[in-house]
2 protein chains.
Amino acid sequence: MKNRSEQLVHDLGKKIVTSEFAPGDLLPKVEDASEMLKVSRTVVREALRVLSTMGLVRSNQRAGTVVLPRSDWQWWNLDVLTWVLEDDKNSDFLVHLTEVRLGLEPTAAALAAKRASDHDMSKIKHAFERLEQSIGDEKAWASADYDFHESILQASHNDLIINTVKTLRKALVNSREKTLEASKNFPESPYDSPTQEVFKRHRVIYDAIIARDEELARQKMTDLILRVKRILEKIYGFQD
Amino acid sequence: MKNRSEQLVHDLGKKIVTSEFAPGDLLPKVEDASEMLKVSRTVVREALRVLSTMGLVRSNQRAGTVVLPRSDWQWWNLDVLTWVLEDDKNSDFLVHLTEVRLGLEPTAAALAAKRASDHDMSKIKHAFERLEQSIGDEKAWASADYDFHESILQASHNDLIINTVKTLRKALVNSREKTLEASKNFPESPYDSPTQEVFKRHRVIYDAIIARDEELARQKMTDLILRVKRILEKIYGFQD
DNA sequence: AATTATTTGTCCGTATGTATG
DNA sequence: CCATACATACGGACAAATAAT
């Protein structure tokens, strides 16, 4: 945390996301907050501007600064996404996130199969080989797995999808410890463990992309993420 | 545009998006900008905080405020998205956006088929009936079409997808005039015109959701958006 | 319909923090 | 280690908008 207003953004933002401040609530007015928190009004005002850009609050003259409904939040802001994921109350949010992955990552894989340049292909190949050599090594696998998916993503040549999925993955990594905690009593982790079986699931994706078979790449990526979703639903008892 | 810092955000933000300020460029320092633009340093600083939250710039003490690479931008911020769409240079960005729709909207349709409550279903039904009555009326169709897709979206019960697609649609509406301009020399508009043929495409989606056939709903929504994508590719000559 | 009170918005003089040369 | 250049932080004053009276 670099400066005071960033700190304040974090404090207030997290309180909003965890509904310590609920939508409709009024935040303390600038002067009060300034005094209470022992920071200048400048700092408070800048923090409110940031929170406002995140869609968490809206300032109105005379009426004060009010917390906005969840539908207005900027979910793809890394801070917001991380705060939400860190909050226990949003356990089914992980399922929702996975549904987005289910929408975007197979699409990205299909696009990669279509658009990958020679250079993209060699990066995917290299990442895949690292994956193969990481079977059995938990830590090495995690890193290789990340790079493998990253190389496919980049090959999609769709900046919007690349950016969105990267934000999503960063947020998941940020809050991973907590999630591992929640899942450690279950036989399967939502995060890949470096077994032969899981490796096979990656191989078919790799093969499909190399063969430039868009629909197969889409299908196999869907299968991989669907597995994660099923595990999450089992863990959190989410259904319908 | 309400206040001065919002104005400044718009001015600077648009200049960054249209690469009048390119990634790596240094923005004028706070005091200079303040003097040049005849606003207080407060206003400049607050604007920079907002731009920083949008991922467009990063401020460093002593080094000044630098424009960030596109990969760092917060694409799902409505302002950023609108500015990008308004910029002629990003014509293939519309295709990228459509690829995201292709990832998310069929997913939302499938989820709607799975999760829609009775209340959701009746809203979808009502929106569909309005659609049917709007055939031939350009203006009424646009509104009914919007509400039809909105009702499906809401029935997905995935806040993240709802929020993302809504942002996307708002941005498209914001910059629609320009796009219509670009497409009016072509036989088909990327936006639905109220013909029987287009209505049929909506009917099959409606039928699939009512029947709670997830895969069919996904498929038919894919078909609908794929049509838009093909038209865009024809218009902008995007390929590979 | 006019006035007032309250809160954000704006300005600016000054001081401190931080990385660079 | 000092000087420089920039962002960051402080706080008193006033302007503008708008909810409440």
Side-chain angles (χ1 to χ4, degrees), chain A residues 1-13 15-16 20-69 72-74 77 79, chain B residues 1-16 21-69 72-74 77 79:
Chain A
M1 216 116 307
K2 300 195 53 175
N3 53 41
R4 300 193 203 210
S5 69
E6 277 178 46
Q7 256 173 269
L8 190 46
V9 165
H10 187 273
D11 290 354
L12 288 174
K15 281 184 183 172
I16 290 170
E20 196 165 329
F21 289 113
D25 284 359
L26 223 54
L27 257 47
K29 63 183 183 187
V30 174
E31 195 157 338
D32 291 354
S34 164
E35 197 181 342
M36 281 167 28
L37 301 165
K38 310 292 180 198
V39 292
S40 67
R41 285 174 293 127
T42 316
V43 167
V44 176
R45 289 190 48 75
E46 287 179 10
L48 291 180
R49 279 257 181 277
V50 171
L51 291 171
S52 162
T53 307
M54 290 173 171
L56 299 182
V57 306
R58 170 121 198 104
S59 296
N60 299 299
Q61 273 182 196
R62 158 85 206 208
T65 299
V66 66
V67 177
L68 293 177
D72 285 348
W73 296 359
Q74 299 261 288
N77 176 283
D79 288 321
Chain B
M1 215 118 308
K2 300 197 53 175
N3 53 41
R4 300 192 204 215
S5 68
E6 277 177 46
Q7 257 173 269
L8 189 46
V9 165
H10 187 274
D11 290 353
L12 288 175
K14 190 132 193 194
K15 281 185 183 173
I16 290 170
F21 287 113
D25 283 2
L26 223 54
L27 257 48
K29 63 183 184 186
V30 174
E31 195 157 340
D32 291 354
S34 163
E35 196 181 342
M36 280 168 28
L37 302 164
K38 310 290 181 201
V39 292
S40 67
R41 286 171 293 136
T42 313
V43 167
V44 175
R45 287 193 48 74
E46 286 179 10
L48 291 180
R49 281 255 181 275
V50 171
L51 291 171
S52 162
T53 308
M54 290 174 170
L56 298 182
V57 306
R58 169 123 199 102
S59 296
N60 300 298
Q61 282 187 211
R62 158 85 205 199
T65 299
V66 66
V67 176
L68 293 178
D72 285 345
W73 296 359
Q74 299 260 295
N77 177 283
D79 289 320

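Protein chains get the first letters and strands the later ones, always in sequence-line order, with residue 1 at the start of each.
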Per the side chain to side chain contact (heavy atoms under 4.5 Å, CB included) rule, which among A:Val43, A:Leu51, A:Val50 passes with A:Leu8?
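Testing A:Leu8 for a side chain to side chain contact (heavy atoms under 4.5 Å, CB included) against A:Val43, A:Leu51, A:Val50 leaves exactly one candidate, A:Val43.
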Would you say A:Ser40 reaches D:dA9's phosphate, i.e. side-chain N/O to OP1/OP2 under 4.0 Å?
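So the side chain of A:Ser40 is outside the cut-off, no N or O lying under 4.0 Å from OP1 or OP2 of D:dA9.
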5' to 3', nucleotides 12-18 of chain D under a 4.0 Å protein heavy-atom cut-off (B base, S sugar-phosphate only, - none) gives BB--BBB
Mind checking if B:Arg49 touches a base, just sugar-phosphate, or nothing, with heavy atoms under 4.0 Å?
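Here B:Arg49 touches the backbone only, sparing every base.
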By nearest nucleotide on DNA chain C, pick out whichever of B:Val39 and A:Glu31 is the more 5' one.
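By nearest-heavy-atom nucleotide position, the 5'-most residue is A:Glu31.
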Taking only residues two or more places apart in sequence, or in another chain, which ones meet B:Asp11 in a side chain to side chain contact (heavy atoms under 4.5 Å, CB included)?
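Expected list: none.
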Once you round it to whole Å, what is the distance between [atom2] of [N] and [atom1] of [X]?
X	N	atom1	atom2	answer
A:Lys29	D:dA19	NZ	C1'	14 Å
B:Glu46	D:dA7	CD	C1'	15 Å
A:Glu35	D:dG11	CD	P	10 Å
B:Leu26	D:dA5	CG	P	14 Å

Is the backbone of B:Val39 close enough, under 3.5 Å, to the side chain of B:Ser34 for a donor and an acceptor to pair up by distance?
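Yes.
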Expected output: side-chain A:Asp25 to main-chain A:Ala22 donor-acceptor under 3.5 Å:
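Flag set: sc A:Asp25 to bb A:Ala22 pair under 3.5 Å.
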Can you tell me how far [atom2] of [Y] sits from [atom1] of [X], rounded to the nearest 0.5 angstrom?
X	Y	atom1	atom2	result
A:Asn77	A:Thr53	CG	OG1	9.0 Å
B:Ile16	B:Met54	CD1	CE	9.5 Å
B:Glu6	B:His10	CD	NE2	10.5 Å

Which is the 5'-most and which the 3'-most nucleotide of DNA chain C that has an atom under 4.0 Å from a heavy atom of chain A?
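So the contact region on DNA chain C extends C:dA5 to C:dT10.
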Which of these passes side-chain hydrogen bond (donor to acceptor under 3.5 Å, both in side chains) with B:Ser5: A:Arg49, A:Arg45, A:Glu46?
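Among the candidates, only A:Arg49 passes.
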